[in-house]
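To keep things clear, I will list the structure first and then write my remarks on it.
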Amino acid sequence: MRVIILDSAKDVAQFAANTIIDTVNRKMRPTLGLATGSTPIEAYRAVIDAYKTNRVSFAQTVTFNLDEYIGIKEEHVQSYRYFMNQHLFNHIDIPLSNTFLPGAASLNEAQLHKNAHQYEEAIKKAGGIDLQLLGIGKNGHIGFNEPTSSLRSRTRIKSLSESTIEANKRLFKNGEYQPRLALTMGIETILESRQLLLLATGSTKANAVKDMVEGPLTAMCPASALQLHQDATIVIDSEAADKLVMKDYYLWCEQQRQDLE
Ligand code: GLP
C-alpha cells in the first residue's frame with residue numbers, strides 16, 4: 001500500500017485528477033472505475049478543467065461506477081447516475097453510452113440479481129478496470145460494501161447500515177425518500193482492478209483510514225481488503241491521516257520516492 005499524505009483536500013483532488021488524466025492519456029481504450037460521494041467531487045472538477053484546456057479527451061474511455069441505489073430511477077436527482085452526469089459526464093466528451101452503473105431501478109429481486117451478473121460480465125468484456133477510484137465510509141465501507149461484507153464478494157444487493165444511512169442523510173431533503181438498499185460491486189470485484197486509488201479527507205475519516213491501513217485484514221473494515229492489492233494508493237489530507245501511527249514513515253517513504261523520480 002502506498003500512503004500519500006498531502007496538506008489539503010484540494011491537493012488530494014488534484015492528485016486524483018492527475019492520476020485519472022495520466023491513465024486516460026496512456027491507454028488506447030481506458031477503463032475507469034468511478035465513485036460518488038462528496039470526496040471525489042473536487043477531483044472531477046479538476047478533470048473537467050483538464051478536459052476544457054485540452055489536456056485530456058475521454059472519447060475512448062469506458063467507465064463503471066461502484067454502486068447505485070436500488071429502486072431509484074436514473075433521472076431521479078438522488079440517483080448516482082444523476083450525480084455522475086451532473087458532476088462529470090455532462091462536462092466532458094465521454095459518450096454517455098460508454099458510462100455504466102449497476103442497473104438498480106427495479107425492485108424485483110430476480111431482476112436485480114440478473115443485472116448484478118450482467119454488470120460483472122460487462123466489466124469483464126471491457127477487459128477489466130485500469131484504475132478504480134474509491135472513497136471510504138466512516139465505518140470503513142468501500143462502494144456500499146458495509147462491515148461484514150465478504151472479502152470475496154461480487155456485485156450484489158447490499159442493505160445499507162444505519163451508520164451509512166445516517167451519514168448520507170445530509171444529502172437528502174427533509175421527507176425525501178432515502179433508499180436503504182443498493183447494488184454494489186463486491187470487494188473481490190474491486191480488488192480485480194489493476195490499480196486502486198482511494199481518497200479520504202477530513203477528520204471524520206481518520207478512524208476508518210487507520211483501520212484500513214494499519215488495522216488487521218477484516219470484513220469489519222471492508223477497506224482493509226486493499227492491503228491485499230499489489231497497486232493500491234491511499235491519498236489523504238493531514239486531517240484524515242491524524243490517527244495513523246506510522247504517519248512519519250509514510251511521509252519519509254514519499255520523500256525517498258521523489259529522489260527516485
Ligand atoms: C457513499 C458511497 C461510497 C463513498 C462513501 C463516502 O455511501 N457509496 O462510495 O465512498 O459513501 O462518501 P463521502 O465521500 O461523501 O464521505
Side-chain angles (χ1 to χ4, degrees), residues 8-10 12-13 15-17 20 32-46 63-72 76-84 86-88 100-102 104 116 119 129 131-149 153 155-172 176-187 189-191 193 196-213 221-226 232-237 239-241:
S8 68
K10 200 164 187 262
V12 170
F15 186 99
I20 291 171
L32 298 177
L34 298 177
T36 51
S38 35
T39 311
I41 292 178
E42 268 300 312
Y44 292 150
R45 245 180 236 140
T63 66
F64 290 94
N65 261 77
L66 285 167
D67 45 18
E68 178 59 284
Y69 285 125
I70 286 177
I72 279 203
H76 194 285
V77 288
Q78 292 292 0
S79 76
Y80 281 172
R81 157 59 72 186
Y82 190 93
F83 175 102
M84 289 310 299
Q86 190 195 16
H87 289 290
L88 184 64
F100 299 93
L101 285 92
Y119 202 59
I129 292 171
L131 171 70
Q132 175 68 56
L133 190 65
L134 295 161
I136 184 169
K138 277 198 270 189
N139 62 2
H141 75 227
I142 46 174
F144 270 130
N145 294 285
E146 298 284 27
T148 72
S149 287
S153 52
T155 303
R156 72 211 182 292
I157 300 169
K158 276 304 286 184
S159 300
L160 309 191
S161 69
E162 244 181 279
S163 98
T164 296
I165 292 169
E166 197 49 46
N168 287 353
K169 222 178 213 153
R170 67 196 152 90
L171 305 167
F172 292 80
E176 191 176 19
Y177 172 66
Q178 187 180 354
R180 278 135 172 74
L181 292 169
L183 212 58
T184 180
M185 277 188 203
I187 296 177
T189 321
I190 292 169
L191 291 180
S193 293
L196 301 179
L197 180 67
L198 185 142
L199 316 179
T201 55
S203 56
T204 57
K205 300 293 172 70
N207 279 322
V209 165
K210 183 184 166 19
D211 290 346
M212 163 177 63
V213 177
C221 175
S224 68
L226 269 65
T233 304
I234 316 297
V235 190
I236 54 184
D237 67 359
E239 289 184 1

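Only this structure's heavy atoms are used, side chains among them; waters, hydrogens and symmetry mates stay out. None of these values were measured; they are calculated from a predicted model. In listed order, ligands and their atoms are each counted from 1.
At the shortest separation from atom 9 (O) of ligand 1 among protein heavy atoms lies G143 O, 3.7 Å. In terms of protein heavy-atom proximity, atom 12 (O) of ligand 1 is closest to G37 CA, 3.9 Å. Closest to atom 4 (C) of ligand 1, if we only count protein heavy atoms, is T36 O, 4.0 Å. Closest to atom 6 (C) of ligand 1, if we only count protein heavy atoms, is I136 O, 3.5 Å. In terms of protein heavy atoms, atom 5 (C) of ligand 1 is closest to H141 NE2, 3.4 Å. Distance from atom 16 (O) of ligand 1 to its nearest protein heavy atom, with residue and atom name: K205 NZ, 2.6 Å. T39 OG1, 2.5 Å is the protein heavy atom nearest to atom 14 (O) of ligand 1.
Expressed to the nearest 0.5 Å, how far CG of D237 lies from NZ of K10 amounts to 14.0 Å. Expressed to the nearest 0.5 Å, how far SG of C221 lies from CG of D211 amounts to 5.0 Å.
Residue contacts with ligand 1, taken as heavy atom pairs separated by less than 4.0 Å, involve N168 solely via side-chain atoms from C-beta onward. No part of L134 comes within 4.0 Å of ligand 1, judged by heavy-atom distances. Contact annotation for A35 and ligand 1: no heavy atom of the residue comes within less than 4.0 Å of the ligand. If you look at R170 next to ligand 1, the close heavy atoms, those under 4.0 Å, all belong to the side chain.
Of all non-hydrogen atoms in I136 and A223, the two that sit nearest each other are CD1-CB, 3.6 Å.
When side chains are defined from C-beta on, L34 does not count as touching L66, because their heavy atoms never get closer than 4.5 Å.
Looking at E146 and N139, their side chains do bring a donor and an acceptor atom within 3.5 Å of each other.
Ring-centre distance between Y119 and F100: not below the 6.0 Å cut-off. Under the 6.0 Å cut-off for aromatic ring centres, Y177 and F172 do not qualify, their centroids lying 6.0 Å or more apart.
Scored by the side chain to side chain contact (heavy atoms under 4.5 Å, CB included) test, F83 finds T36, I41, Y44, H87 as partners (sequence neighbours excluded).
Using a distance-only test at 3.5 Å, with no hydrogens or angles considered, a donor-acceptor pair links the side chain of N145 to the main chain of M185.
Ligand-side atoms of ligand 1 in range of G135: 10 (O), range being under 4.0 angstrom from any heavy atom. Residue F144 approaches ligand 1 through these ligand atoms, each under 4.0 Å from one of its heavy atoms: 7 (O), 8 (N).
At under 3.5 Å, a nitrogen or oxygen of D67, whether backbone or side chain, sits near a nitrogen or oxygen of ligand 1.
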